[in-house]
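Written below as structure tokens is the structure these notes are about.
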Number of protein chains: 2
Amino acid sequence: MSKKDKWPIYVPKPTFERLKKYYAYLMQIDEDYISSDELAKKFNIKPEQVRKDFTYLDITGKPKKGYHIPLLVEELGKLFGTRVLENLIIVGAGNLGSALAKYMGFEKMGVKVVAIFDNDPKKIGSFVGELSVLPLSFLERVIKRFKVRIGIICVPEESAQEVANLLIKKGIKAIWNFSPVPLKVPETIIVENQDITSGILTIKHILAKK
Amino acid sequence: MSKKDKWPIYVPKPTFERLKKYYAYLMQIDEDYISSDELAKKFNIKPEQVRKDFTYLDITGKPKKGYHIPLLVEELGKLFGTRVLENLIIVGAGNLGSALAKYMGFEKMGVKVVAIFDNDPKKIGSFVGELSVLPLSFLERVIKRFKVRIGIICVPEESAQEVANLLIKKGIKAIWNFSPVPLKVPETIIVENQDITSGILTIKHILAKK
DNA sequence: TAGATTGTTAATCGATTAACAATC
DNA sequence: TAGATTGTTAATCGATTAACAATC
């Protein structure tokens with residue numbers, strides 16, 4: 001049985017996180033082959049680890065050449081489901097929500113922002129890129145119309161849980177949470193927390209030691 | 001010897017990442033005590049893990065009550081160096097850079113954005129919040145004047161490495177990299193990568209399996 | 001006191017790394 | 001062929017968890 005037949009593909013969490021990085025990097029470069037050694041150097045890890053990571057994918061390298069990059073990109077794309085297009089919506093048209101709505105890199109990941117919502121009457125109707133800001137009363141319609149399964153939460157922490165509840169009620173299956181609050185959701189709902197400020201704590205910790 | 005005397009405080013990486021989350025959460029809530037069990041429930045982990053994590057800090061809990069929150073916040077603040085103010089600069093006044101420049105949550109983390117730079121003549125001189133966008137020729141002056149050690153990179157991937165080199169040349173000690181490229185830097189320079197789009201790959205992977 | 005909750009040791013689990021045979 | 005690089009097994013390392021004694 002080939003690994004292709006095993007579904008879901010299991011990869012350990014640390015491996016999965018590294019595969020994401022390899023993917024982002026490999027999509028950018030325009031070469032035929034890359035060795036585990038070269039890739040490892042890029043990310044300050046050991047080449048053995050790169051090879052081990054790739055054993056979870058249905059791909060093998062060539063001795064003396066390395067791994068075929070287009071093949072790697074394709075296999076990784078399958079793992080991440082980037083070839084299946086998903087529509088997504090953003091709730092919260094503040095600085096961060098607006099920046100995400102205008103972000104150009106989503107296409108490569110197979111996602112598209114179809115609407116942005118806010119509850120501030122002053123923002124509703126205004127434009128963020130090509131999207132006009134909608135009131136929350138439009139949520140249900142948009143979700144049904146575009147078969148949206150993913151919602152991004154970009155609201156202040158006080159309202160994050162409330163918005164999460166609403167999204168779930170309206171049929172959203174996965175929440176990408178940019179607020180710094182841990183959300184309470186039913187087990188069937190996927191939550192991915194993206195705390196964009198936590199990195200500064202690592203930096204300050206290291207700097208403080210110097 | 002108390003743990004306070006050991007410097008640098010060593011914490012395993014996974015523990016460190018969890019401590020950041022506890023910190024963000026604990027700063028928000030207004031209670032006296034919290035038990036390892038309550039905290040664990042919030043983050044879907046085991047209470048033993050929370051207690052183990054806290055053993056790395058110079059703090060103990062009280063049987064039957066739990067951990068004193070203000071004390072936790074203080075100890076964690078020390079670990080992350082949030083009580084020492086650091087000035088930081090942003091390079092790249094696009095959507096994301098501008099959003100970060102206007103971000104209100106930095107103060108709590110003991111950092112302040114003192115300047116934002118761009119090389120686009122159309123952007124230079126325009127305002128992002130209260131800051132006017134500066135040309136890169138001002139970098140050196142600003143870094144010296146404000147004793148800046150941390151620089152945020154928010155430029156397109158093509159120029160990320162170039163900007164990193166420039167920042168390092170001008171004396172920056174730590175780079176918070178919001179571009180999706182792995183940067184090549186000398187060993188003495190701290191790099192924290194904050195790929196804000198990688199979360200979507202996790203979500204799509206899980207959704208694809210359903 | 002009894003009960004709840006901490007703190008710590010030891011066992012388990014899982015990921016990384018070293019070593020090396022296989023292969024182009 | 002010799003040499004470079006992969007792929008895999010086994011050893012090591014480190015983190016999580018279970019168990020339970022200590023304590024308020």
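So that the names make sense, note that chain A is the first sequence line, chain B the second, and so on, each numbered from 1.
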**OP:** Hey, which sits more toward the 5' end of DNA chain D by its nearest nucleotide, A:Tyr67 or B:Lys62?
**Re:** A:Tyr67
**OP:** Round to a whole Å and report the spacing from OH of B:Tyr10 to P of D:dC13.
**Re:** 14 Å
**OP:** Find out whether B:Lys112 and B:Glu107 are in side-chain contact, i.e. whether some heavy atom of one side chain is under 4.5 Å from a heavy atom of the other.
**Re:** no
**OP:** Figure out the NE2/C1' separation between B:His68 and C:dT5, and round it to whole Å.
**Re:** 17 Å
Original post:
Does A:Gly66 or A:Lys52 map to a spot on DNA chain D nearer the 5' end, using the closest nucleotide for each?
Top reply: A:Gly66
Every protein N/O within reach of nucleotides 21-23 of chain C N/O, cut-off under 3.5 Å:
none

**OP:** With the side chain counted from C-beta on, respond yes when A:Asn95 and B:Ser98 share a heavy-atom pair under 4.5 Å apart, and no when they do not.
**Re:** no
Subject >> Within the 6.0 Å centroid threshold, strictly below: B:Tyr22 and B:Tyr25 >> reply: no
**OP:** Output the residues of residues 16-51 of chain A in contact with DNA chain C, where contact means a heavy atom of the residue under 4.0 Å from an atom of the strand; sort by number or write none.
**Re:** A:Arg18, A:Lys46, A:Glu48, A:Gln49
Subject >> Distance in angstrom units between B:Leu57 CG and C:dG7 P, rounded >> reply: 11 Å
**OP:** Find out whether A:Val50 and A:Phe43 are in side-chain contact, i.e. whether some heavy atom of one side chain is under 4.5 Å from a heavy atom of the other.
**Re:** no
**OP:** Give the dot-bracket string for DNA chain D, reading 5' to 3', where a pair is Watson-Crick or G-U wobble with both distances under 3.5 Å, ( ) marks pairs inside the strand, [ ] marks pairs crossing earlier ones, | marks a partner on another strand, and . marks unpaired.
**Re:** ..||||||||||||||||||||||
